[in-house]
Amino acid sequence: MNPRLRRELDGIPTYKPGRPPAVEDGVTAYKLSSNENPYPPLPGVLEAVTAAAGSFNRYPDMACTALQAELADRFAVPVEHIATGTGSVGVAQQLLQATSGPGDEVVYAWRSFEAYPIITRISGASAVPVPLDAEETHDLDAMADAISERTRLVFVCNPNNPTGTVVRRAALERFLDRVPSDVLVVLDEAYKEFIRDPEVPDGVEVYRDRPNVAVLRTFSKAYGLAGLRVGFAIAHEPVAAALRKTAVPFGVSQLAQDAAVASLRAEEALLDRVDALVAERVRVYEALTAQGWTVPVTQANFVWLRLGEHTTDFAARCESAGVSVRPFAGEGVRITIGETGANDVLLRTAEAFRKEL
Ligand code: PMP
């Protein structure tokens with residue numbers, strides 16, 4: 001007889017990471033499938049991790065003291081409101097462990113970040129996905145309607161992965177006013193630094209007066225530390241304290257902690273890089289639109305093409321041109337904004353594909 005495993009695990013889709021590009025002779029390969037940052041670590045980061053590497057016979061600082069202090073200072077919040085974890089997906093999983101279990105419900109927009117259904121079902125809670133509206137944006141009225149007595153947590157992904165669309169201030173405030181105060185709303189702002197729309201609120205401002213709001217941020221995207229696994233939440237004390245209880249002990253390595261601190265201190269270089277990526281995003285968006293594609297306005301470091309039945313063909317064509325993208329079969333393709341050369345290959349491929357449609 002096999003060991004008994006939890007029923008909840010049956011049928012949980014496994015997380016599909018973005019594929020690395022196939023490497024072919026004579027073709028430069030680019031990975032535009034995981035919303036990573038194409039730039040190398042920020043100034044000072046390699047020095048910090050090299051210094052930390054000499055001590056990895058020791059456990060890291062479990063409380064992430066220096067990083068939490070730096071974050072508290074940066075966001076002008078009490079240090080007790082900061083909770084760090086193994087990437088923001090790790091912190092999201094902790095939030096579920098802290099709030100939700102069998103019999104409970106978790107509401108999120110769909111399609112959105114593919115980890116939401118997975119981590120929800122691992123927790124034992126039921127997933128309540130609410131379809132995006134015709135503009136590929138969160139339908140906040142429908143999401144508020146979907147909240148029941150059983151709801152414990154709601155994810156709002158802003159900007160939304162994979163569509164890049166945003167929820168604006170007035171709509172978010174209206175929604176939050178409708179959410180019962182005992183339901184935790186998680187504002188997942190993994191792509192926050194790329195937002196240029198002034199109507200999109202900063203979650204950290206929203207959370208201040210709302211004890212049932214938590215903000216999720218990460219060092220994986222704009223800061224370029226995806227491989228080191230460090231993210232954090234800003235939340236009021238009971239929630240942040242629950243996150244400390246549900247954390248994997250010593251989950252955030254000393255390398256990750258020191259790299260995150262060094263990255264926070266390299267703000268100027270960070271802003272330059274993010275500006276450059278935003279400029280590339282605008283260029284890619286405008287070029288795709290000029291080619292005749294319908295592209296939702298994106299505030300993230302990726303664009304979304306709703307290709308429907310052409311999705312896998314398009315992804316295969318990109319792959320042969322040396323660019324891996326992230327297809328969601330039958331729905332569409334998410335394309336990360338990469339280095340200029342990668343974006344050029346993508347645009348040429350999209351143009352040729354479009355002409356054949
Ligand atoms: N939230 C969103 C919306 C994401 O797209 C991602 C990464 N794909 C994450 C969270 C998790 O990122 P990480 O765990 O690397 O912080």
Side-chain angles (χ1 to χ4, degrees), residues 13-20 31-38 41 64 67 71 82-96 106 108-120 122 129 132 136-138 153-167 185-195 200 203 214-234 243 246-248 251-253 255-257 259-260 263-264 277 281 296 298-304 324-328 332-338:
T14 36
Y15 188 100
K16 282 207 196 84
R19 277 160 57 112
K31 185 169 176 227
L32 301 182
S33 55
S34 295
N35 297 342
E36 292 154 335
N37 192 319
C64 295
L67 174 57
L71 288 168
I82 305 276
T84 37
T86 56
S88 56
V89 73
V91 185
Q93 188 152 20
Q94 290 168 245
L95 283 164
L96 282 163
V106 175
Y108 49 79
W110 198 249
R111 181 169 277 281
S112 189
F113 180 31
E114 71 170 310
Y116 297 156
I118 299 172
I119 59 181
T120 297
I122 292 172
L132 296 171
E136 311 270 13
T137 304
H138 279 56
L153 186 147
V154 181
F155 283 110
V156 175
C157 189
N158 202 23
N160 188 49
N161 173 6
T163 58
T165 52
V166 287
V167 164
V185 179
V186 178
L187 304 178
D188 183 346
E189 298 186 336
Y191 303 97
K192 160 80 184 139
E193 294 81 1
F194 300 104
I195 297 174
V200 179
V215 184
L216 269 187
R217 297 277 181 95
T218 181
F219 285 96
S220 298
K221 310 296 178 184
Y223 286 91
L225 299 181
L228 282 179
R229 313 307 304 127
V230 54
F232 61 99
I234 301 180
L243 288 174
T246 50
V248 173
V252 182
S253 71
L255 267 63
Q257 295 180 37
S263 300
L264 285 168
L277 286 170
R281 171 180 83 199
T298 171
Q299 292 291 317
N301 66 338
F302 51 83
V303 290
W304 171 245
S324 64
V325 296
R326 178 70 170 91
F328 296 92
V333 170
R334 188 193 68 202
I335 306 156
T336 306
I337 303 298

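Atom set for the values below is all heavy atoms of this structure, side chains included, hydrogens, waters and symmetry mates excluded. Order of listing sets the numbers, starting from 1, for every ligand and every atom in it.
- Expressed to the nearest 0.5 Å, how far NE2 of His138 lies from CG of Asn158 amounts to 7.0 Å.
- Formation of a donor-acceptor pair under 3.5 Å by the Arg281 side chain with backbone atoms of Phe194 is found in this model.
- In this structure, Cys157 is part of the shell of residues with a heavy atom less than 4.0 angstrom from ligand 1.
- Contacts between Asn161 and ligand 1, counted as non-hydrogen atom pairs separated by less than 4.0 Å, involve the side chain only.
- By the 4.0 Å heavy-atom criterion, Asn35 is excluded from the residues contacting ligand 1.
- Heavy-atom minimum distance, Leu277 versus Ile337: O-CG2, 3.8 Å.
- To the nearest 0.5 Å, atoms OH (Tyr15) and CD1 (Ile119) are separated by 10.0 Å.
- Less than 4.0 angstrom separates some heavy atom of Ser220 from each of these atoms of ligand 1: 13 (P), 15 (O), 16 (O).
- Closest to atom 1 (N) of ligand 1 among all protein heavy atoms lies Asp188 OD2, 2.7 Å.
- Of all the heavy atoms in Glu193 and Ala222, the pair that sits closest is CB-CB, 3.6 Å.
- For Phe219, no heavy-atom contact with ligand 1 is shorter than 4.0 Å.
- Without hydrogens or angle criteria, Asn37 side chain to Lys221 main chain gives a donor-acceptor distance under 3.5 Å.
- The protein non-hydrogen atom at the shortest distance from atom 6 (C) of ligand 1 is Phe113 CZ, 3.4 Å.
- Ligand 1 has an N or O atom lying under 3.5 Å from an N or O atom of Thr218, backbone or side chain.
- A distance of 9.0 Å separates CD in Glu189 from CG in Leu216, rounded to the nearest 0.5 Å.
- The Tyr191 neighbourhood of ligand 1 comprises atoms 3 (C), 4 (C), 5 (O), 7 (C), 8 (N), with distances under 4.0 Å to a heavy atom of that residue.
- Remark: ligand 1 atoms within the under-4.0 Å shell around heavy atoms of Arg229 are 13 (P), 14 (O), 15 (O).
- Nearest heavy atoms, Thr336 versus Ser33: OG1-N, 3.9 Å.
- Residue-ligand proximity: Gly231 is placed with every non-hydrogen atom at 4.0 Å or more from ligand 1.
- Nearest to atom 8 (N) of ligand 1 by heavy atom, out of Gln93, Glu36, Lys221, is Lys221.
- With hydrogens and angles disregarded, no donor-acceptor distance shorter than 3.5 Å links the side chain of Glu36 to the backbone of Ala226.
- By the criterion of a heavy-atom distance under 4.0 Å, both the backbone and the side chain of Ser88 are placed next to ligand 1.
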